[in-house]
Amino acid sequence: MYRELLAREGVECLLKNDQLFSAIGEIPFVECYPELWVVDDEVYPRAQLLLDGWLRQSLSNKQGWRCPDCGELCDPQFEQCWNCLSPRD
Ligand SMILES: [Zn+2]
């Protein structure tokens, strides 16, 4: 997924170890993790910034939100507070 997103931003990447997952147990698991390699070292800092932003956004989308009126914690998929029905924003 991140390889595709980076490609859309013009950052060429290679995916390594994408076929090794089935070898876990025979090869140490840390050597089987998929790795995303940026082809051009000069665009690596930009790729890192893009990835950091996407990961931060992804994480914040999974976190709940606090109702501004009653203070209850609500699940991220709801646009209204489950307790007082106040809108999210
Ligand atoms: Zn509320």
Side-chain angles (χ1 to χ4, degrees):
M1 181 182 82
Y2 288 120
R3 182 179 58 181
E4 294 296 319
L5 288 170
L6 286 169
R8 280 187 220 153
E9 296 291 333
V11 178
E12 188 184 352
C13 294
L14 296 173
L15 191 59
K16 298 183 81 175
N17 297 348
D18 58 326
Q19 303 296 318
L20 283 179
F21 197 75
S22 60
I24 286 180
E26 297 169 32
I27 300 174
F29 68 92
V30 290
E31 294 177 23
C32 296
Y33 284 156
E35 297 176 0
L36 191 61
W37 287 49
V38 175
V39 172
D40 184 355
D41 286 345
E42 290 189 13
V43 296
Y44 178 80
R46 182 166 164 261
Q48 187 69 59
L49 281 175
L50 288 165
L51 280 173
D52 287 347
W54 292 327
L55 291 169
R56 215 176 6 258
Q57 188 177 24
S58 171
L59 191 64
S60 70
N61 288 344
K62 289 180 183 153
Q63 292 175 338
W65 53 280
R66 182 109 12 221
C67 174
D69 290 331
C70 73
E72 283 295 328
L73 189 60
C74 302
D75 287 337
Q77 69 270 30
F78 298 114
E79 294 300 318
Q80 283 185 312
C81 173
W82 65 269
N83 186 40
C84 71
L85 301 180
S86 290
R88 184 174 186 160
D89 294 319

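Just so it is clear, the structure is predicted and the values come from calculations on it, not from any experiment. Note that the numbering runs from 1 along the sequence shown for the chain. Just so you know, ligand 1 is whichever comes first in the structure, and atom 1 is the first atom listed for that ligand.
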If you group Ile, Leu, Val, Met, Phe, Trp and Tyr by side-chain heavy-atom gaps below 4.5 Å, do Tyr33 and Leu14 land in one group?
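Tyr33 does not cluster with Leu14.
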Starting from Leu49, can I reach Trp54 by hopping between I/L/V/M/F/W/Y residues whose side chains sit under 4.5 Å apart?
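No; tracing contacts between hydrophobic side chains, which count when under 4.5 Å, never links both residues.
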Return yes when at least one N/O/S atom of Cys74 is nearer than 2.8 Å to the Zn ion (ligand 1), and no when none is.
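It does not: Cys74 brings no N, O or S atom closer than 2.8 Å to the Zn ion (ligand 1).
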Is a side-chain donor or acceptor of Asp40 paired with a backbone partner of Glu42 at a separation under 3.5 angstrom?
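Here the side-chain-to-backbone pair exists.
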State, to 0.1 Å, how close Cys81 and Trp65 come at their nearest heavy-atom pair, and which atoms those are.
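Nearest heavy atoms, Cys81 then Trp65: N-CH2, 3.6 Å.
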The Zn ion (ligand 1): angle it makes with SG (Cys81) and SG (Cys70), nearest 10 degrees:
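SG of Cys81 and SG of Cys70 make an angle of 110° at the Zn ion (ligand 1), to the nearest 10°.
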May I have the angle between Cys84 SG and Cys67 SG with its vertex at the Zn ion (ligand 1), rounded to 10°?
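Taking the Zn ion (ligand 1) as the apex, the two atoms subtend 100°.
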